[in-house]
Participant: 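Take this structure first; my questions come after.
Order of the sequence lines fixes the chain letters, A, B, ..., with proteins taken first and strands second; residue numbering starts at 1 for each chain. Not measured: the values here are computed from a predicted model.
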Amino acid sequence: MKAEVLKGHLDALLLATLTEGPRHGYAIKEALRAGSGGQFDLPTGTVYPALHRLERAGLIRGSWSTVNGRRRRSYQLTAAGRRVLSEERSSWREFAAAVTALLGDSPWPAQA
Amino acid sequence: MSRDQLDPAAGGAVADYLAAVAEQLRGPAADRFLITEELRDGLLEAVEAYQVQGCSAQEAAAAAIAEFGDPRMVAEAFGPELAAVQARRVALGLLVTGPLVGLAWIAAVAANALPPWRHQLTGPWLALPLVGLALAVACPALVLTVAATGRLGRRLGGGLARRPALPPTAAALAGLAAVLADLTLLAILGSQTLASPGSLLWAPVVVAAGASLTRLSLAGRAARRCLATRAALS
């Protein structure tokens with residue numbers, strides 16, 4: 001699936017990959033790919049700028065550590081990030097329900 | 001996998017890729033260095049993942065590099081972030097130093113009872129409104145930069161994402177306004193000194209002039225860098 005399809009949803013999806021705990025950039029990208037059944041396979045290099053943007057917005061917090069002799073930056077959700085993710089989830093459920101009602105296989109409510 | 005354990009050819013390919021990204025990044029040097037460190041870790045993780053799947057080190061490096069994407073695209077994706085970080089630092093620096101430079105000049109004017117202290121604008125002090133003009137430009141530009149590049153930026157509807165050139169432009173404008181203010185004050189002081197040498201109490205004047213000269217140099221350089229970063233945005 002192309003990156004353009006994700007426009008407007010990438011932030012929430014990245015936040016969602018951090019609900020189970022801190023992850024580094026590549027693990028976040030892999031979680032996005034695996035969690036979508038391979039549908040969301042973005043160029044890895046473009047995931048990092050999005051993480052920096054979320055960090056600057058105060059939605060995630062990055063910290064450096066040393067793993068296997070090299071420096072690693074891991075990210076975790078902040079309280080503001082959890083709040084925004086919760087709002088995005090509610091908003092998505094409403095949107096998805098409305099689209100499903102219109103595009104689903106069952107007859108339209110007006111015809112029922 | 002540490003850097004030393006990686007096959008030399010594969011390590012060379014990873015290093016070449018990172019160098020290609022680094023070459024095209026524009027912004028503060030320290031931030032560019034940290035970005036390449038973070039990308040290096042991610043690339044080596046990807047190489048390791050491909051090796052676990054049965055690829056040779058060189059195949060794994062090639063696959064990881066392909067997965068990360070074109071270096072130019074990666075560098076361009078970082079452009080708005082680096083520009084925002086740079087603009088924010090410049091804006092905060094000007095917001096902190098502005099009042100200090102202002103206080104130094106007020107002290108110099110007060111200590112010497114210069115015309116503005118007597119509510120008079122005469123001689124070279126007629127140029128003082130230029131400082132007011134600079135302030136009128138710099139203050140909103142600084143507030144805009146800080147607001148757009150911080151947490152408030154997201155609440156403002158993500159406008160920054162649509163206008164990444166805004167923060168470096170506003171920060172550069174504020175920097176140029178600071179240069180205008182400092183040049184004006186130094187020119188007024190120079191004229192005042194020529195007109196009545198020996199009549200000034202020098203200590204506060206030297207402090208004020210030194211503060212302005214320092215800020216003039218730093219603000220000018222910061223404005224140039226912000227404009228260069230802005231020009232590099234795609």
Participant: Under a 4.5 Å cutoff for heavy-atom pairs, which residue among A:Gly58, A:Gly45, A:Pro49, A:Gly25 has the most contacts with chain B?
Facilitator: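 Option with the greatest count: A:Pro49.
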Participant: Output the distance between atom CZ (B:Phe68) and atom CG (A:Leu42), rounded to the nearest 0.5 Å.
Facilitator: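 The distance works out to 12.5 Å.
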Participant: Tell me whether A:Arg23 at atom CZ has more than 12 heavy atoms from other residues, nucleotides or ligands lying less than 6.0 Å away.
Facilitator: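 Buried by this count: over 12 neighbours within 6.0 Å.
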Participant: If we ignore angles and hydrogens, is there a donor and acceptor under 3.5 Å between the side chains of A:Tyr26 and B:Glu67?
Facilitator: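 A pair is found: one side chain offers a donor N or O, the other an acceptor, under 3.5 Å apart.
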Participant: How about B:Met73 and A:Thr46: do any of their side-chain heavy atoms sit closer than 4.5 Å?
Facilitator: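 Answer yes - side chains close enough.
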Participant: Between B:Ala77, B:Ala64, B:Ala75, which shows the greatest number of heavy-atom pairs under 4.5 Å with chain A?
Facilitator: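 It is B:Ala77.
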Participant: Among B:Val74, B:Ile35, B:Leu39, which residue satisfies the side chain to side chain contact (heavy atoms under 4.5 Å, CB included) criterion with A:Tyr48?
Facilitator: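 Output: one option passes, namely B:Leu39.
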Participant: Counting only heavy atoms not in A:Gln76 (residues, nucleotides, ligands), do more than 12 fall under 6.0 Å from its CD?
Facilitator: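 Yes, CD of A:Gln76 has more than 12 neighbouring heavy atoms, counting only those of other groups under 6.0 Å.
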Participant: Verify whether one side chain among A:His52 and B:Glu38 offers a donor that lies under 3.5 Å from an acceptor in the other.
Facilitator: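 Side chains of A:His52 and B:Glu38: pair found under 3.5 Å.
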Participant: In plain terms, say whether B:Glu45 and A:Arg70 are close enough for a salt bridge, that is, a side-chain N and a carboxylate O under 4.0 Å apart.
Facilitator: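 Salt bridge flag = yes for A:Arg70 with B:Glu45.
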Participant: Report which part of B:Leu82 has an atom under 4.5 Å of a heavy atom belonging to chain A: side chain, backbone, both, or neither.
Facilitator: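 It is neither, since no heavy atom gets under 4.5 Å.
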Participant: Atom OG1 of A:Thr66 and atom CG of B:Asp41: how far apart are they, to the nearest 0.5 Å?
Facilitator: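 So the gap between those two atoms works out to 10.0 Å.
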Participant: Counting only N and O atoms by type, is there a donor-acceptor contact under 3.5 Å from the side chain of A:Arg56 to the main-chain atoms of B:Thr149?
Facilitator: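 Yes; at least one donor-acceptor contact below 3.5 Å.
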Participant: Are side-chain heavy atoms of B:Leu34 and A:Arg71 found at a separation under 4.5 Å?
Facilitator: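 B:Leu34 vs A:Arg71: side chains touch.
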